[in-house]
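Small disclaimer: the values here were computed from a predicted structure and weren't measured.
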Amino acid sequence: MADIRFSSRCSGDGGAVHGRCGRGGTGGRGGEPAPGCVQYAATWRYTHVTNACDTAYRLTVEYPDGTGVPCREAQPGATVTFPGYGPGGNGVLRVRLCPPPL
């Protein structure tokens, strides 16, 4: 699968060609927000989260209905994939940091 970068899917104003885009985020429930250098682009099928930071992070995404998804490790420059918002429009609220594995 090709590495999908935020800049190729979203404009600087956060708009998307075929979906929704954003950055880490603040506030709300769940773990600590991901830093601003972690970016995402969501479509109905997939949410691609790109780690543009200098360090690796364990990440998950937060949905309005509380759907839980497993954490994924994203090395610097890597893109990880989560479920998209689906036909019900369950859009991504934000990207969250996960605790380190035990």
Looking only at heavy atoms, what is the nearest atom pair of [X] and [Y], with distance?
X: Asn51; Y: Ala74; value: ND2-O, 2.8 Å
X: Gly84; Y: Thr47; value: CA-OG1, 3.6 Å
X: Pro76; Y: Cys53; value: CB-O, 3.3 Å
X: Arg58; Y: Pro99; value: NE-O, 2.9 Å

**Report entry** Atom pair NE2/OG1 of His48 and Thr79 - distance to nearest 0.5 Å
**Finding:** 8.0 Å
Query raised in the report: How many angstroms lie between OG1 in Thr60 and CZ in Arg72, if you round to the nearest 0.5 Å?
Result: 7.5 Å
Query raised in the report: Is any side-chain heavy atom of Val92 closer than 4.5 Å to a side-chain heavy atom of Tyr63?
Result: yes
Query raised in the report: Does the side chain of Val38 come within less than 4.5 Å of Thr50's, by heavy atoms?
Result: no
Query raised in the report: Does any pair with a residue in residues 58-102 pass disulfide bond (SG atoms under 2.5 Å apart), and if so which ones, sequence neighbours excluded?
Result: Cys71-Cys98
Query - For Arg45, side-chain contact (heavy atoms from CB on, under 4.5 Å) partners two or more places apart - result: Thr43
